[in-house]
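Written out below as structure tokens is the structure these notes cover.
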Amino acid sequence: MKFFQYAYKQSEKGLGKAFLFSLVLGLLFSISILVVVVKAFSSLDAGALKEFADETGCRIVNYELTCNRDYYEYDGMIIDLDYNDTNVFRNDVILTKNSIIAQGNIYNYRELLDSFGKGPDFDVNDASDLIESLAAFVYVLVFIFTFIGGTIYFIIANILLAAIMLGIFKSFKNYKIKYEQMYKLTIFTSIPYVAFNALTRMLIDYSLTGLIASFLPVGGGFVRIILDYAVIFGLTLLAFKAGYQEPVTTVEMPFTVTPEDNQQ
């Protein structure tokens, strides 16, 4: 309860602290993503790569992935050479015939190999050399881009959430709260939830909503966003109830009574 009261009090202050909290949200998000990437790179040692290549026979020939079979599930990664699903918002890393799908993004083999100065053919030895030379560089890029992207995302997403919440609140009761304060309130109440998601992502490679969405028949990034902001909506509502006080209204008398009137 004290946290919710604190969050409401902070929402009554200036925008500077809210912006600082947005940076904290982006920092938490970027650190959790960086930990996942570091763990992924750490698992790709020479022995693991050789084992992977021996078991699957996978290599890139003329910018296309070829393997012994068309489908594998390998240590949290899916290899599907016949994959043609347009929904790329999945937690799994998917290697298709022409590209890699990861974190909802598509990376074409041709573009990747050309950007690294590699030819059209790529095997396990090339992968080992590339990972070793690029690991630190990738870590820096991941941190910078996820920090900037995460911060921008939280700023924009909370702008929309605040507008929705203000409309819902005023549809039930005409609360005396301005949009600016509602926006700041959504920022402050997001911190514990984003921190919790960052912790679970670092420990089990899943956010809370990502884990829930993986069990739903209809998953995807849109479902995770709805679940995320449903939780933040609930937290903001609790903070609002903990701190909001109805403004005191004074009633002016239609006339004043003077001592002379009392003597009469």
Flag yes if [X] and [Y] sit in one hydrophobic cluster, no otherwise; membership is Ile, Leu, Val, Met, Phe, Trp, Tyr, and two members link when side-chain heavy atoms are under 4.5 Å apart.
X	Y	value
Tyr107	Val138	yes
Val61	Ile100	no
Leu160	Phe19	no

Does some side-chain heavy atom of [Y] sit less than 4.5 Å from a side-chain heavy atom of [X]?
X	Y	answer
Asn197	Ser32	no
Arg59	Asp121	no
Tyr83	Ile78	no
Leu81	Leu65	yes
Arg201	Val36	yes
Ile60	Leu113	yes
Leu25	Thr151	no
Thr56	Asn68	no

Suppose we screen for side chain to side chain contact (heavy atoms under 4.5 Å, CB included). Which residues come up paired with Leu27, at least two apart in sequence or across chains? Ser30, Ile31, Phe143, Phe147
Determine the minimum heavy-atom distance between [X] and [Y], stating which atoms define it.
X	Y	answer
Leu185	Ala7	CD1-O, 3.8 Å
Phe29	Thr146	CD2-O, 3.7 Å
Tyr193	Leu227	OH-O, 4.5 Å
Lys184	Glu12	NZ-C, 4.2 Å
Phe188	Phe3	O-CZ, 3.6 Å

Would [X] and [Y] count as having a side-chain donor-acceptor pair, cut-off 3.5 Å?
X	Y	answer
Thr189	Thr236	yes
Thr186	Asn158	yes
Tyr63	Asn108	no

Using a cut-off of 6.0 Å, state whether more than 12 heavy atoms not belonging to Tyr71 lie near its atom OH. yes
Spacing of [atom1] belonging to [X] relative to [atom2] belonging to [Y], to within rounding of 0.5 Å:
X	Y	atom1	atom2	answer
Thr96	Glu64	OG1	CD	10.0 Å
Phe21	Ile155	CZ	CD1	14.0 Å
Lys39	Leu34	NZ	CG	11.5 Å
Ser99	Leu112	OG	CG	9.0 Å
Phe196	Leu199	CZ	CG	7.0 Å
Leu166	Gln181	CG	CD	10.0 Å

With sequence neighbours left out, the residues meeting side-chain hydrogen bond (donor to acceptor under 3.5 Å, both in side chains) with Asp80 are none
[X] side chain vs [Y] backbone, donor-acceptor pair below 3.5 Å:
X	Y	result
Ser22	Ala18	yes
Tyr183	Leu15	no
Tyr179	Ile159	yes

Among all residues two or more places apart in sequence or in another chain, which pass the ring pair (Phe, Tyr, Trp, His ring centres under 6.0 Å) test with Tyr72? none
Please assess Ile232 against Tyr229 for the test side-chain contact (heavy atoms from CB on, under 4.5 Å), listing each intermediate value before the final yes or no. CA-CA 5 Å; Ile232 295 175; Tyr229 281 92; 3.7 Å; yes
